[in-house]
Amino acid sequence: MEKLILYNTLTRKKELFVPIHKDHVGMYVCGPTVYGHAHLGHARPAITFDLLFRYLLHIGYKVRYVRNITDVGHLVNDEDEGEDKVAKKAKVEELEPMEIVQIYTNSYRKNMSQLNVLPPSIEPVASGHIIEQIEAIKKIIGSGFAYEKNGSVYFDVEAYALKHAYGILSGRKIEDLYTNTRDLDGQSEKKSGLDFALWKSAQPEHIMRWPSPWGSGFPGWHTECTAMSTKYLGETFDIHGGGLDLLFPHHEAEVAQGMACFGHSTVNYWIHNNMITINGQKMGKSLGNFIQLDEFFNGTHPLLEKAYHPMTIRFFILQAHYRSPLDFSNEALQAAEKGFERLMNAMALLPGLKTATESTIDVEKLRNDCYEALNDDLNSSILIATLFDGSRMINAVNDGKATVTALDLTKLQQLFSDMVNDVLGLKSQDSSMNAGGNELFGQMVELLLSLRQEAKMKKDWATSDQIRDRLIALGFEIKDTKEGADWKLKN
RNA sequence: GGUCGGUUGGCCGAGUGGCUAGGCAGCGGUCUGCAAAACCGUGUACGGCGGUUCGAAUCCGCCAUCGACCUCCA
């Protein structure tokens with residue numbers, strides 16, 4: 001088994017990954033709150049942990065990957081008087097909250113599939129685990145770290161901090177938290193501004209409500225992840241992932257809740273992806289500067305110069321290391337698009353390469369470099385650079401400037417298939433036929449191109465150029481190769 | 001204000017105490033009837049000022065600058 005090193009936010013160090021159970025990995029990642037379409041920011045954690053999931057599978061682990069859907073309990077901010085995000089959206093769109101949840105869950109899954117993100121092993125929803133959350137809250141109350149007030153239950157951070165370290169994950173000191181939150185605290189029912197809700201009493205008009213020992217209400221946002229992760233992965237599991245923006249308070253609360261429920265920590269490796277920025281600022285719903293994934297795919301957002309294929313988005317994200325911020329721009333995206341094409345072009349040459357009795361290229365070193373990059377905290381950036389080195393080798397063999405043995409070629413093909421398709425999850429962009437999926441349409445274009453070929457044979461350049469230029473004017477891309485002309489629709 | 005993290009060539013983006021990251025663009029070339037596409041070649045950059053060192057962009061200090069987080073029923 002490969003020696004995988006991962007950066008653990010908890011220790012702020014790169015650590016050798018050792019799972020609790022040999023050959024098995026349990027991984028939990030915070031999924032979306034489904035009250036709107038997924039945007040570019042959502043793609044980053046999804047792709048980051050998809051890469052981790054894929055690599056763990058590739059090196060032989062059996063992985064149980066749990067990614068939740070938050071459909072209740074995530075409150076909007078102060079300005080909206082703490083409405084539930086889903087409930088608020090439901091009001092705006094005049095739909096049942098569960099219709100909102102369904103619409104955006106479907107949309108999210110569609111986008112993830114377009115990005116070639118593998119579905120997780122289990123995708124639990126918060127509203128489907130109310131009983132588990134109530135049980136968890138009871139345990140926390142039993143351990144003395146929560147209190148009930150007017151039908152709501154709050155986590156008692158002060159009481160907890162007397163026995164455990166509150167803030168170990170996010171690196172916050174509790175004294176600092178006090179000075180920073182005190183003035184926000186009015187005549188709240190909370191004992192302290194640091195306390196967070198485990199269960200909220202519901203107002204009569206609130207639709208999403210469930211009975212509980214403390215009255216009718218709904219769970220707090222942080223509770224679902226503790227309840228669902230430990231339900232499916234056990235009281236202690238290997239990996240918990242999510243965006244860096246969730247580090248505090250969400251994940252810190254999870255650490256405390258887990259400790260309060262079980263008396264020990266529940267997560268061994270905390271892994272966080274960095275944010276995608278737009279003009280240097282975090283892209284997010286709360287800032288209103290986000291671009292939806294669908295808008296990227298069809299090019300409709302005013303900030304976009306053109307439509308971008310899902311694989312371009314995926315490649316763009318994978319070209320940066322997951323712990324670095326990544327800045328969006330049309331220029332960067334188009335560079336990614338070109339680079340990705342270059343990689344795919346080289347890969348397409350592999351099956352047709354001629355073999356020789358000797359290799360002048362070092363496939364073994366290339367292979368080692370790939371694994372070294374992945375093992376070093378999933379350095380997809382280095383991996384991709386290494387694959388570009390491989391592309392140059394492939395092109396050199398294709399041009400007759402280098403040679404490869406049959407055995408090495410098999411290894412090289414395997415390596416590219418493993419790294420590009422399986423681990424990075426990249427696949428060739430659908431070509432020509434995708435323009436409506438109409439076979440007849442494709443045949444008509446082929447017909448025109450064969451007429452052009454005939455004209456070329458007769459050196460009738462006027463006709464052949466006219467066919468080419470008019471097709472280009474209609475939005476086609478025509479590429480002449482040794483085997484004939486290729487075409488596709490420009491996007 | 002507090003905590004943490006950035007600042008790399010025209011753009012994106014890795015990495016490192018001394019050895020070419022990579023991609024895109026640009027430039028030059030190969031191929032081609034022309035073009036496009038493709039392929040090949042090409043750039044010695046690391047915010048500023050000090051310090052440590054034989055040697056720093058990489059370590060330390062200060063400064064500048066940018067960003068993330070600092071929670072809900074307020």
Side-chain angles (χ1 to χ4, degrees), chain A residues 9 12 73-85 149-152 154 157 167 170-173 175-181 183-190 193-197 200-203 217 220-222 243-250 252-253 272 274-275 277 280-282 284 315-316 319-321 323-343 345-346 349 369 373 376 379-389 391-392 394-396 398-399 401 456 459-461 464-465 468-469 472 477-482 485-486:
Chain A
T9 310
R12 273 150 229 279
H74 197 168
L75 303 174
V76 299
N77 271 343
D78 30 321
E79 60 204 280
D80 295 297
E81 299 179 329
E83 262 184 299
D84 183 283
K85 287 184 174 185
K149 185 82 191 248
N150 303 332
S152 294
Y154 297 100
V157 171
S170 59
R172 262 156 244 263
K173 294 189 187 69
E175 312 86 69
D176 296 339
L177 288 168
Y178 272 122
T179 49
N180 288 325
T181 46
D183 48 352
L184 290 172
D185 207 12
Q187 47 277 60
S188 162
E189 27 180 65
K190 288 195 288 192
L194 299 187
D195 295 351
F196 53 87
K200 292 293 299 171
S201 166
Q203 299 303 305
W221 175 38
H222 312 307
L244 201 52
D245 54 340
L246 299 179
L247 187 57
F248 192 90
H250 187 55
E252 195 67 62
H272 291 94
N274 216 313
M275 303 288 100
T277 57
Q281 265 211 323
K282 177 185 160 185
F315 188 75
F316 171 68
Q319 262 199 313
H321 183 74
R323 285 195 288 115
S324 299
L326 173 60
D327 198 49
F328 154 83
S329 70
N330 279 286
E331 215 181 348
L333 233 34
Q334 282 164 33
E337 187 175 48
K338 287 293 201 65
F340 179 61
E341 251 178 73
R342 180 177 166 79
L343 191 63
N345 283 342
L349 293 173
D369 288 349
D376 184 13
N379 199 323
S380 54
S381 191
I382 296 282
L383 173 60
I384 288 171
T386 306
L387 290 170
F388 276 116
D389 290 341
S391 300
R392 209 168 301 107
I394 293 168
N395 289 329
N398 188 52
D399 293 346
K401 289 171 184 160
K456 281 176 77 167
K459 294 198 192 294
D460 178 3
W461 308 127
S464 72
D465 287 357
R468 178 185 67 198
D469 296 343
I472 288 171
E477 249 176 57
I478 309 296
K479 293 184 191 179
D480 286 336
T481 66
K482 280 170 197 149
D486 263 351

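Atoms considered below: every heavy atom in the structure, side chains included; atoms not considered: hydrogens, waters and symmetry mates. In the text below, chain A, chain B and the rest are named by the order of the sequence lines, each starting its count at 1.
Between A/L247 and A/T9 the shortest side-chain heavy-atom distance falls below 4.5 Å. The side-chain heavy atoms of A/S152 and A/E189, taken from C-beta on, include a pair separated by under 4.5 Å. Side-chain contact between A/L326 and A/N274 is absent, with no heavy-atom pair separated by less than 4.5 Å. Annotation: side chain of A/H250 is not in contact with side chain of A/F248 (no heavy-atom distance under 4.5 Å). Side-chain contact check for A/R392 versus A/N395: every heavy-atom pair is 4.5 Å or farther apart.
When all heavy atoms of A/V157 and A/L194 are compared, the pair lying nearest together is CG2-O, 3.3 Å. Here the shortest heavy-atom pairing between A/K456 and A/S464 reads CG-CB, 3.5 Å. Between A/A332 and A/F316 the shortest heavy-atom distance is CB-CE1, 3.8 Å. Residues A/A346 and A/I394 approach most closely at O-CG2, 3.3 Å, considering heavy atoms. Here the closest heavy-atom approach between residue A/N150 and residue A/S201 is recorded as O-CB, 3.6 Å.
On the C1' atoms, B/A21 is 7 Å away from B/G15, given to the nearest whole Å. Between B/U58 and B/A45, the two P atoms lie 14 Å apart (nearest whole Å). For the P atoms, the distance from B/G28 to B/A37 is 15 Å, rounded to whole Å. Taking atom C1' in both B/U44 and B/A56, one finds a spacing of 16 Å when rounded to whole Å. For B/C11 and B/G51, the C1' atoms lie 34 Å apart once the distance is rounded to whole Å. B/C60 sits 14 Å from B/U16 when the P atoms are compared, rounded to a whole Å. Rounded to whole Å, the separation between the C1' atoms of B/A25 and B/C12 comes to 11 Å. On the C1' atoms, B/C54 is 23 Å away from B/C49, given to the nearest whole Å.
Between A/F315 atom CZ and B/G23 atom P the separation is 10 Å, expressed in whole Å. The distance between atom CD1 of A/I384 and atom C1' of B/G22, rounded to the nearest whole Å, is 9 Å. Across the protein-nucleic acid pair, A/D369 atom CG and B/G15 atom C1' stand 14 Å apart, rounded to whole Å. Per the geometry, CG belonging to A/L383 stands 14 Å off P belonging to B/A14, to the nearest Å. If you take NE2 of A/H321 and C1' of B/G23, they are 18 Å apart, rounded to a whole angstrom.
With sequence neighbours excluded, no residue satisfies ring-ring contact (aromatic ring centres under 6.0 Å, His included) with A/H321. In this structure, the side chain to side chain contact (heavy atoms under 4.5 Å, CB included) partners of A/K479, at least two apart in sequence or on a different chain, are A/E341, A/E477, A/D486.
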Tabulate protein N/O versus nucleotide N/O from nucleotides 3-12 of chain B, keeping only pairs under 3.5 Å, one per line.
| residue | atom | partner | partner atom | Å |
| --- | --- | --- | --- | --- |
| B/C11 | O2' | A/E331 | OE1 | 3.3 |

Under 3.5 Å, which N/O atoms of the protein pair with N/O atoms of nucleotides 66-68 of chain B?
| residue | atom | partner | partner atom | Å |
| --- | --- | --- | --- | --- |
| B/A68 | OP1 | A/K282 | N | 3.4 |

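A/A197 comes within 4.0 angstrom of a base, heavy atoms only. When heavy atoms are screened at a 4.0 angstrom cut-off, A/F196 is found touching base atoms of the nucleic acid. Using a 4.0 Å heavy-atom cutoff across all strands shown, A/S152 reaches no nucleic acid atom at all. Residue A/N398 is out of contact with every strand shown, counting any heavy-atom pair closer than 4.0 Å.
In terms of modelled atom types and a separation under 3.5 Å, the side chain of A/S381 and the main chain of A/Q319 share a donor-acceptor contact. With hydrogens and angles disregarded, no donor-acceptor distance shorter than 3.5 Å links the side chain of A/D376 to the backbone of A/N379.
Ring pair A/F196/A/H222 is perpendicular by interplanar angle, where above 60° counts as perpendicular and below 30° as parallel.
Paired regions of RNA chain B, where each region holds three or more successive Watson-Crick or G-U pairs whose two hydrogen-bonding distances fall under 3.5 Å, are B:1-7 with B:64-70, B:10-12 with B:22-24, B:26-30 with B:38-42, B:47-51 with B:59-63.
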Heavy-atom contacts, protein to nucleotides 32-40 of chain B, under 4.0 Å, summarised as B (base), S (sugar-phosphate only) or - (none) per nt, yield -BBBBSSSS
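Of the two residues contacting RNA chain B, namely A/F328 and A/A336, the nearest-nucleotide position lying further toward the 5' end is that of A/F328.
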